[in-house]
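For this chain, numbers begin at 1 and follow the sequence in order. When a ligand or atom number is given, it counts from 1 through the structure's own listing order. Nothing here was measured: the structure is a model prediction, and the numbers come from that model.
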Amino acid sequence: MRLILVGPPGAGKGTQAARLIDTYGISHISTGDMLRAAVKAGTELGKQADAFMKDGALVPDSLVIAMVLERIQQDDCAKGFMLDGFPRTTPQAEALDQALSEAKIELDAVVLIEVADELIEERIIHRRQDPETGAIYHLKFNPPADEAVLARLVQRKDDTPEACAKRLAKYHSETAPVVPFYSGKGLLKRVDGLGAPDEVEARIKAALS
Ligand code: AP5
Ligand code: MG
């Protein structure tokens, strides 16, 4: 299975990806996670990406496209993959399309998780992540049961109200145009992202079956 997850910041892409990769036995490729790892490791890519990310801007296409095309050629992707947060511009979608057609690989579906703009900020500013396991929590909607986990949670640098507003604006101007690109190919599945994560997961699985 080769899938793409699209949706505004805080739509639940990472939350759902963590659940779905086990079901389908595929690799999770989150460009946000890859870029954050590069920033943390202080690589050349991370140094270039850091300022864009902190500010809620997109990292330049040339950097992200090269990173993803290299990643999807790795052995673990032969069994399938779930792209989370890529493509997020039309040039990224076109570059992926060309690379996949050259490799004679077809996408199975593009899942759009829809969440209204006015619900995004609350999801973003109360999000926390476990640095040890990578698990995503929400202080109100999905807090960890274990006090020790709660104590070690960290907040992303771009999860401020200011960066969130910029990310949402970028989503509408740069990323929303990839939706008609994929619906034109007959690949788009629209899924309502409201409700508990279990309900959203069930909707995605139903859309893919
Ligand atoms: P990235 O990491 O991809 O961030 P994003 O797209 O803004 O999305 P998020 O990770 O914020 O949200 P999500 O949809 O994964 O939601 P989550 O599951 O965490 O990108 C970060 C930055 O990297 C970009 O701004 C850019 O700078 C750069 N970048 C990355 N990819 C790039 C690309 N391709 N090109 C250029 N630049 C790129 O959930 C959010 C919260 O809501 C959590 O607290 C969660 O617990 C909670 N939640 C989840 N589901 C529900 C639910 N159903 N009900 C209630 N709460 C829920
Ligand atoms: Mg995410």
Which one holds for [X] and ligand 1: side chain close, backbone close, both close, or neither close, with close meaning a heavy atom under 4.0 Å?
| X | value |
| --- | --- |
| T89 | neither |
| R36 | side chain |
| R156 | side chain |
| Y137 | backbone |
| D33 | neither |
| P87 | neither |
| V59 | both |
| R128 | neither |

Ignoring hydrogens and geometry beyond distance, is a side-chain donor-acceptor pair present between H28 and D33 at under 3.5 Å? no
Side-chain contact, heavy-atom cut-off 4.5 Å: [X] with [Y]?
| X | Y | answer |
| --- | --- | --- |
| H126 | F141 | no |
| F52 | L35 | no |
| L20 | M1 | no |

[X] heavy atoms, cut-off 4.0 Å: which ligand 1 atoms fall inside?
| X | value |
| --- | --- |
| H138 | 44 (O), 46 (O) |
| D158 | 21 (C) |
| A57 | 25 (O), 26 (C), 27 (O) |
| I124 | 11 (O) |
| G14 | 13 (P), 15 (O), 18 (O) |

Could you find the nearest protein heavy atom to [atom] and give me its residue, atom name and distance?
| atom | value |
| --- | --- |
| atom 12 (O) of ligand 1 | G10 N, 2.8 Å |
| atom 35 (N) of ligand 1 | Q92 NE2, 2.9 Å |
| atom 39 (O) of ligand 1 | T15 OG1, 3.7 Å |
| atom 29 (N) of ligand 1 | L35 CD1, 3.5 Å |
| atom 56 (N) of ligand 1 | F141 CD1, 3.4 Å |
| atom 20 (O) of ligand 1 | R88 NH2, 3.0 Å |
| atom 51 (C) of ligand 1 | R123 NH1, 3.5 Å |
| atom 31 (N) of ligand 1 | T31 OG1, 2.7 Å |

Sub-3.5 Å N/O-N/O distance, [X] and ligand 1:
| X | value |
| --- | --- |
| F52 | no |
| P9 | no |
| V200 | no |
| L58 | no |
| D84 | no |
| R127 | yes |

Judged by atom type as modelled, is there a donor-acceptor pair below 3.5 Å linking the side chain of [X] to the main-chain atoms of [Y]?
| X | Y | result |
| --- | --- | --- |
| Q16 | P197 | yes |
| Q155 | I125 | yes |
| R167 | P9 | no |
| K13 | P8 | yes |
| E174 | K170 | no |
| T31 | G85 | yes |
| E114 | D192 | no |

Look at R123 together with D159 and state whether they make a salt bridge at an N to O cut-off of under 4.0 Å. no
Option with minimal heavy-atom separation from atom 8 (O) of ligand 1, where the choices are H126, E201, K13: K13
Can you figure out which of P143, G195, A196 has its heavy atom closest to atom 54 (N) of ligand 1? G195
When R156 is tested against each of M53, K54, R127 for side-chain contact (heavy atoms from CB on, under 4.5 Å), which residue passes? R127
Checking salt bridge (Lys or Arg N to Asp or Glu O under 4.0 Å) between D198 and each of K205, R19, R203, which is the one that passes? R19
